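Data block below; observations after.
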Amino acid sequence: MTDTKGHVTIIGAGIVGVSCAAFLQREGFDVTVVDWLEPGQGTSFGNAGSVSPSAILPVAMPGMVKKLPRWLLDPLGPLTVRWSYLPWIAPWLLRFIRHASRDEALRVATAMRDLMGTVFDDYRALLSPEDFAELFRRNGCLYVYGSGEELAAAKWSLDLRRNLGAEMVEIGGDDIRQLEPALNRRFEHGIFAPENGSTIDPYRLVNSLADEVKRRGGKFVSAEVKDVVIGAEGPTALETTAGRLPVDRLVLAAGAWSSPLAKKLGAKVPLETQRGYHVTFANPQIKVNRTVMWNTRSVFINPMECGLRIAGTVELAGLKAAPNYARADKLTEIAREMFPGLDTEEQSKWMGHRPCLPDSLPVIDRSPKFANTIFAFGHQHVGICSGGPTGRHVAALMAGKTPAIDLTPFSVNRF
């Protein structure tokens with residue numbers, strides 16, 4: 001199971017875990033990926049598909065506190081809490097709110113800009129030229145606003161991204177209609193971000209990366225990790241539904257399910273799931289050319305291989321509560337409002353678990369207790385945007401190299 005640099009077991013077969021596996025192989029490690037789901041069937045499956053180096057803003061933004069009571073009272077609003085879950089989520093929610101300041105937004109955005117700035121280069125390094133060209137588009141992202149007031153309200157956040165190097169070009173109604181003729185003509189104000197892009201299918205992206213890992217000799221084990229066996233120097237084995245698996249080195253990239261294992265591996269982290277919904281329209285009968293985001297409604301619409309997908313909003317209800325597909329139906333209403341010619345008849349609905357920490361930064365760090373263990377989880381709403389870059393930095397850490405960026409903001413010890 002070992003080569004010249006040893007063997008690494010990765011818990012989690014989503015975009016982060018598979019990217020870690022692929023980059024670890026390029027550092028000379030043998031890899032095994034363990035997940036109870038097949039690659040890409042978890043949270044990565046439902047991703048909105050945006051690949052945006054400028055998607056750097058935290059979920060908790062300045063001014064959010066004033067809106068929060070109204071949002072929380074609306075079960076279909078941009079951010080809502082299931083009342084039965086409130087006693088459990090309240091401490092986390094208070095920590096989350098404390099990060100809704102300008103200083104924190106600047107800190108988080110700066111760190112995320114450093115992390116995601118190489119996203120296209122990182123996926124290009126892992127895929128064949130043919131797969132990369134087929135899976136990715138880099139034709140920009142269009143942010144639309146229903147009024148001049150909506151755009152004015154976004155000025156501070158737009159300026160923050162511009163100051164960190166993102167190109168955000170203000171455009172009017174004529175340019176909006178040239179970019180997206182099917183869009184509702186009520187949108188007379190927009191921002192075009194030319195450096196951004198998208199993937200035609202997040203699930204296919206993860207599977208293409210997994211195929212590359214397998215081609216290079218990596219193994220995938222379909223099993224649920226039940227426990228970690230700890231020895232004198234750190235984890236020595238995983239107890240799984242497929243039996244005991246030996247461990248030499250370990251990467252924890254289990255998304256929203258990472259917290260109990262992280263605790264076993266030496267760190268208590270305030271990880272929560274911000275449940276997201278999507279609706280995919282298989283036969284939309286309109287043409288959408290690129291990712292379109294309506295900021296005020298917190299939704300993305302993206303044309304994909306499988307149809308036109310709308311995704312977004314946040315529901316706090318934990319890992320076990322049943323989906324509330326009325327939220328998906330609300331997304332359909334918003335999609336019709338944005339694109340009046342949209343055919344919504346043939347559609348599929350989905351709900352998944354975005355792993356979120358209170359400050360909207362992931363953990364990319366070595367375990368504070370065990371040198372052979374690295375954490376890579378908590379990528380919230382930008383798993384596809386940050387999965388490839390995270391894999392590169394995890395591989396550098398495991399190889400004993402200095403990562404290309406300062407990983408201090410992503411330390412597990414910040415909590």
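Nothing here was measured: the structure is a model prediction, and the numbers come from that model.
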**OP:** Could you tell me which residues satisfy ring-ring contact (aromatic ring centres under 6.0 Å, His included) with His393, sequence neighbours excluded, listed by chain and number?
**Re:** none
Original post:
For the atom pair CG (Asn139) and CG (Asn289), what is the distance rounded to the nearest 0.5 Å?
Top reply: 7.5 Å
Subject >> Check against ring-ring contact (aromatic ring centres under 6.0 Å, His included), Phe375 and Phe377 >> reply: CA-CA 6 Å; Phe375 298 143; Phe377 56 80; 5.7 Å; yes
Subject >> Lys/Arg-Asp/Glu bridge criterion (N-O < 4.0 Å) met for Arg204, Glu134 >> reply: yes
Subject >> Whether Thr9 side chain and Thr32 backbone form a donor-acceptor pair below 3.5 Å >> reply: no
Subject >> Considering all heavy atoms, the nearest Val34-Val225 contact >> reply: CG1-CG2, 3.9 Å
Original post:
Does the side chain of Val169 come within less than 4.5 Å of Ile191's, by heavy atoms?
Top reply: no
Original post:
Does some side-chain heavy atom of Leu397 sit less than 4.5 Å from a side-chain heavy atom of Leu407?
Top reply: yes
**OP:** Identify the heavy atoms of Gly266 and Ser367 that sit nearest to each other, and give their distance.
**Re:** CA-OG, 4.5 Å
Original post:
Taking only residues two or more places apart in sequence, or in another chain, which ones meet Ala335 in a side chain to side chain contact (heavy atoms under 4.5 Å, CB included)?
Top reply: Phe281, Ile301, Ile310, Leu342
**OP:** Check the side chains of Ser54 and Ser52 for a donor-acceptor pair under 3.5 angstrom, ignoring hydrogens and angles.
**Re:** no
Subject >> Main-chain N/O of Gln285 paired with Asp343 side-chain donor or acceptor, under 3.5 Å >> reply: no
Original post:
Can you find a heavy atom in the side chain of Leu164 that is under 4.5 Å from one in the side chain of Leu160?
Top reply: yes
Original post:
Are the side chain of Thr80 and the backbone of Gly77 linked by a donor-acceptor contact shorter than 3.5 Å?
Top reply: no
Residues 86-101 side chain polar contacts: donor-acceptor under 3.5 Å, at least two apart:
unit_1 : atom_1 : unit_2 : atom_2 : d
Trp92  : NE1    : Pro270 : O      : 2.9
His99  : ND1    : Glu104 : OE1    : 2.5
Ser101 : OG     : Glu104 : N      : 3.2

**OP:** Begin from the C-alpha positions of Phe132 and Tyr123 and carry the test ring-ring contact (aromatic ring centres under 6.0 Å, His included) through to its verdict.
**Re:** CA-CA 7 Å; Phe132 180 83; Tyr123 287 126; 8.0 Å; no
Original post:
Could Glu224 and Lys226 be called an ion pair, given the rule that one side-chain N must be under 4.0 Å from one carboxylate O?
Top reply: yes
Original post:
Do other residues, nucleotides or ligands put more than 12 heavy atoms under 6.0 Å from the CH2 atom of Trp350?
Top reply: yes
Original post:
Would you find a donor on one side and an acceptor on the other, under 3.5 Å apart, between the side chain of Ser44 and the backbone of Ile15?
Top reply: yes
**OP:** Take the angle between the ring planes of Phe187 and Trp294 and call it parallel below 30°, perpendicular above 60°, tilted in between.
**Re:** perpendicular
**OP:** Carefully, step by step, assess Asp248 and Val8 under the rule side-chain contact (heavy atoms from CB on, under 4.5 Å).
**Re:** CA-CA 6 Å; Asp248 178 20; Val8 182; over 6 Å; no
Original post:
Do the charged groups of Glu337 and Arg297 touch, with an N to O distance under 4.0 Å?
Top reply: yes
Original post:
Would you find a donor on one side and an acceptor on the other, under 3.5 Å apart, between the side chain of Ser258 and the backbone of Gly255?
Top reply: yes
Original post:
Between Phe415 and Lys268, is there a cation-pi geometry (under 6.0 Å to ring centre, at most 45° from the normal)?
Top reply: no
**OP:** Give the C-alpha distance, both sets of side-chain angles, the deciding distance and a yes or no for side-chain contact (heavy atoms from CB on, under 4.5 Å) between Arg138 and Val51.
**Re:** CA-CA 8 Å; Arg138 198 167 188 181; Val51 185; over 6 Å; no
Subject >> Check: Tyr277 main-chain N/O paired with Tyr325 side-chain donor or acceptor under 3.5 Å >> reply: no
Original post:
Can you check whether His7 reaches Asp30 side chain to side chain, under 4.5 Å on heavy atoms?
Top reply: yes
Original post:
Charged N to carboxylate O below 4.0 Å: is that the case for Arg336 and Glu333?
Top reply: no
**OP:** Determine whether the side chains of Asp131 and Ser208 contain a donor N or O and an acceptor N or O closer than 3.5 Å.
**Re:** no
Subject >> Residue list, side chain to side chain contact (heavy atoms under 4.5 Å, CB included) with His353, at least two apart or on another chain >> reply: Thr43, Ala256, Trp257, Thr273, Arg275, Leu319, Met351
Subject >> Mutual orientation of the aromatic rings belonging to Phe45 and Tyr203 [parallel < 30°, tilted 30-60°, perpendicular > 60°] >> reply: perpendicular
Subject >> Verdict with supporting geometry, Arg113 and Glu195, salt bridge (charged side-chain N to carboxylate O under 4.0 Å, His left out) >> reply: CA-CA 13 Å; Arg113 182 67 176 177; Glu195 71 174 325; 3.0 Å; yes
Original post:
Under 4.5 Å between any side-chain heavy atoms of Phe136 and Leu127, yes or no?
Top reply: yes
Subject >> Close side-chain approach of Leu24 to Val251, heavy-atom, < 4.5 Å >> reply: yes
Original post:
Would you say Arg185 has more than 12 foreign heavy atoms packed within less than 6.0 Å of its CZ?
Top reply: no
Subject >> Atom pair CG (Leu79) and CG (Leu316), whose distance is rounded to the nearest 0.5 Å >> reply: 5.5 Å
Original post:
Would you say Arg366's side chain and Ile374's backbone share a donor-acceptor pair under 3.5 angstrom?
Top reply: no
**OP:** Ignoring hydrogens and angles, state whether a donor on the side chain of Glu150 or His189 is under 3.5 Å from an acceptor on the partner side chain.
**Re:** no
Subject >> Ile286 and Val288: CA distance, side-chain angles, deciding distance, side-chain contact (heavy atoms from CB on, under 4.5 Å) verdict >> reply: CA-CA 7 Å; Ile286 59 169; Val288 180; 4.0 Å; yes
Original post:
Is there any salt bridge (Lys or Arg N to Asp or Glu O under 4.0 Å) pair reaching into residues 252-261, and which pairs are they, with sequence neighbours excluded?
Top reply: none
**OP:** Please check if atom NZ in Lys369 has more than 12 non-hydrogen atoms from other residues, nucleotides or ligands closer than 6.0 Å.
**Re:** no
**OP:** Working to the nearest 0.5 Å, report the span between CD1 of Ile200 and CG of Leu205.
**Re:** 9.5 Å
Original post:
Considering only heavy atoms from C-beta outward, does the side chain of Arg137 approach that of Asn302 to under 4.5 Å?
Top reply: yes
Subject >> With Glu27, the salt bridge (charged side-chain N to carboxylate O under 4.0 Å, His left out) member among Arg216, Lys5, Arg249, Arg392 >> reply: Lys5
Original post:
Measuring from Met293:CE to Cys141:SG, what's the distance to the nearest 0.5 Å?
Top reply: 8.0 Å
Subject >> Val228 side chain reached by Phe370 side chain, heavy atoms, under 4.5 Å >> reply: no
Original post:
Salt bridge or not for Lys349 and Asp329, using N-O below 4.0 Å?
Top reply: yes
Subject >> Met398 CE to Asn372 CG distance, which is reported to the nearest 0.5 Å >> reply: 7.5 Å
Original post:
So which pairs with a foot in residues 152-161 pass salt bridge (Lys or Arg N to Asp or Glu O under 4.0 Å), sequence neighbours left out?
Top reply: Lys155-Asp159, Asp159-Arg162
Original post:
With no hydrogens and no angle check, is any side-chain donor or acceptor of Gln380 less than 3.5 Å from a backbone partner on Val59?
Top reply: no
**OP:** Quick one: pull up CD1 in Ile176 and CZ in Arg186 and give me the separation to the nearest 0.5 Å.
**Re:** 11.5 Å
